[in-house]
Every structure is written in C-alpha cells, then in structure tokens.
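One structure is given below, encoded as structure tokens.
In the text below, chain A, chain B and the rest are named by the order of the sequence lines, each starting its count at 1.
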Protein chains: 2
Amino acid sequence: MAYRHTPERQARDRAQREHVLQLALALVVEGGFASLTMQRLAKAADMATGSLYRHFAGKGELAAEVFCLASQREVEALQEVLATDGSALQRLRAGIERFARRAWDSRQLAWALIAEPVDPQVEEQRLRYREAYAELFAGVLREGEQHGEFRVSHPHLVAACMVGAISEVLVGPLSPQARAQRSEAQVEDDLQQVRSTLIHFCLGALAS
Amino acid sequence: MAYRHTPERQARDRAQREHVLQLALALVVEGGFASLTMQRLAKAADMATGSLYRHFAGKGELAAEVFCLASQREVEALQEVLATDGSALQRLRAGIERFARRAWDSRQLAWALIAEPVDPQVEEQRLRYREAYAELFAGVLREGEQHGEFRVSHPHLVAACMVGAISEVLVGPLSPQARAQRSEAQVEDDLQQVRSTLIHFCLGALAS
C-alpha cells in the first residue's frame, strides 16, 4: 500500500511550494534566471537544498514555473487593458503601450522573460505564452474588422507579427549590456522611441 | 614542455571536425536539434562517442556551432538579396520574401533555427544572429531614408520589429504540430498567407 500524506501535510507542502516560488520569482526580478540557483533559493527559503528537490525536479522545472507565474501576470495585464472601452485601434495602442511600460518598469524581469538564454523548459513556455499574447491581439483585430474599423485578412498572423515586433524591439534596449551603458534619463528616452516605433510599425499597416 | 600535434595531425583534426559538423547539420535538417545527440552523431560519423568529445565539449557547444553554420548561410542569403538592384522598398520586399521562401523550403531546419527549444548556448547565438539580420534590414532602411523613399525615425528599432515579426509569424506554421496536420497544398497556401501578411505588415507602415 502506498504511503499517503495527511491532508494537513499536503496543505503545508502546497503552501511551502507557493512560498518558495515567490522567493524564486524575487531572485529572477533581481538578477534574471542567472541568479536562480537551487543553492541560492534554498538559502533564501532557509531550507536544505535537498528539501527543494521535493518540490521541483530541478532547475529547469523551477525556472519554467517561475516563468509561467510571471508571464501569467503579463497576460492578465494585457487582457485587462485590451478589454477596456474604446475602438479596436485605441485598445491595441493601449495594449502595446502598457506592454512596453511594464517592461520598462521591471527591466530585469522583462529581459528574463523575453530573451534571457535559459533552459529549454523555459523556451517551451515562451512559445506557449507568445501564442497567448497573440490570441489576445487577434481577438481585438477581429473585433476591429467586424466593426469595419480596418481590413485585416489574417488576424492570427498579424497578431503573431505584433507579438514578434514587440518582443524583438525590446530585446536590444533591455539587454544587460544596453542597461549598463544607459543613464536613467536615456532609458526614458529609449522607452519613448520604442513606444512610438511600435505604435507606428504595428498599427501603421492597419491604418493604410 | 607541452605536447604539440604535428601540422598534419592538426589539419586532419580540422577536416574531421568540419566533416562532423556537416553530418550534425544534416541530422538537424532531418529532425531538428532533438535528433542531434552525441551518440547518433558518432554513429553517423563512424566514430567512437569519446572521440567526438575531442572536437566538442558537449551537446550544447555542438548545437551552437551547427546553429551558427546554418544561420550564417541565412545571413548571407539575405545579404545577397538585399544588395541587388532596386529601390529600398523593393529590396526589403525581396528580402522578406526570400526569407519566407527559404524557411518553407527547409521547414524542419527553419523551425530548429527560429524556435525549437534547445540549449542556452543556442539561445545566445539566436540573439546574436537576430541582431545580424536586423543590421542588414537597418542598412536598407537607412538607404531608403537617405534617398527620400520613406521616412523612418529609428531604423535600428524598425529593423528589430521586422526581424521579430518575420520570426514570430513563421513559428506557428512551421511548428511540428502544424506541419503534421497540413497537406502539401495547404502548406503552400500557408506560405502565401504568411508572405502577404508580412509584406503588408512590415512595409505598410513605411508607405503610410
């Protein structure tokens, strides 16, 4: 007969796992996935490294869960702004601006989520979440089409283009090298440039 | 005194390494990075697995080298088409079309290069090569601006948007799941849709 944990023990395990995930996220916010090691996390959680492995099979699984935790918040933030009042074009614009603003406000995390080279398990989740962002943009594109705001032949493809453009244009300015060389004032200028380029690039084609 | 290999031995080593890299590329063309294992490669090269490690420290290094070998060809193909005669807009259009066409003609390889989840060492090279593609597009954007063909405030950012859009729009149709579900005829339709979406999305904003 398999040994079964009591419900109390299971609840305690779940709470501890959740707590550890939040600590892991804090490490990534601070120093990217490069800062997330089992050893450092064990220290932050005041646990033995071995106990961590009860919760996560390894660094790859842990990193993927942290990635999903943080990305889910981004998806929800985008969803919220895309669901506000206004024309489809206005909402797409607001969504792109919110995305860029959030990336700028948490640059280390944004870099980690968008581009930091990390385990293939994280890569798999990156593909999934990019699809989720694209689905949200595609929804608004379809609404704009239905209401005669603009013509768009393949909303899901245009939405993928938008997600690609947004991610890629952020990679350069958010990279550790770029951040190390820029003052706070320059960084704000960079955001303005990125924002106006994105709006023009992503929405200019719809208007034409 | 350190032991030194003879020049003949060094030349033989280099030739063998080059040969092994070509075999490794063939495995990736066939089945993506998932097919590239040290064991399978050793078999293809008719070598002991241990001998492979004389040439490559491990799978990550090997995969990164194969990635660079294949990506360098793509950069050169893009460079070539962007350097032909014609207006900047015509050349950008030709570059985008060539990129999509090449991806379609070698779909497994294109998926591996653009999106397959793989070692962080490959990820690092992906970032580098995306910058290289963007540099090429940025050069043509600057020429178009100089010749008064269009206005573009931040060519390097617009170029990054293009590279992001091109990559991301290919991810869905090139993915193994999509390929498994589509007939050859459908795949050609998909290419037409992707191509026309990309041209309109990437160049529409320039024209407006």
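Heavy atoms of B:V118 lying under 4.5 Å from chain A belong exclusively to its backbone. Both the backbone and the side chain of A:L157 come within contact range of chain B, each with at least one heavy atom under 4.5 Å from a heavy atom of that chain.
Side-chain contact between A:V122 and A:E116 is absent, with no heavy atoms from C-beta onward closer than 4.5 Å. Within the 4.5 Å cutoff, side-chain heavy atoms of A:L206 are placed close to those of A:M162.
Ranking A:G172, A:C161, A:C202, A:A159 against chain B, the residue ahead of the rest is A:C161, based on heavy-atom pairs under 4.5 Å. For the set B:S167, B:A134, B:A160, the entry with the most heavy-atom pairs within less than 4.5 Å of chain A is B:A160. Top candidate by heavy-atom pairs under 4.5 Å with chain A, chosen from B:L198, B:D119, B:L127, is B:L127.
Using cut-offs of 30° and 60° for the angle between ring planes, the A:Y133 and A:Y129 rings count as tilted.
The minimum heavy-atom distance between A:Q108 and A:V28, with the atom names listed, is CG-O, 3.8 Å.
When A:M47, A:Q16, A:R17 are each tested for a side chain to side chain contact (heavy atoms under 4.5 Å, CB included) with A:R54, only one passes: A:Q16.
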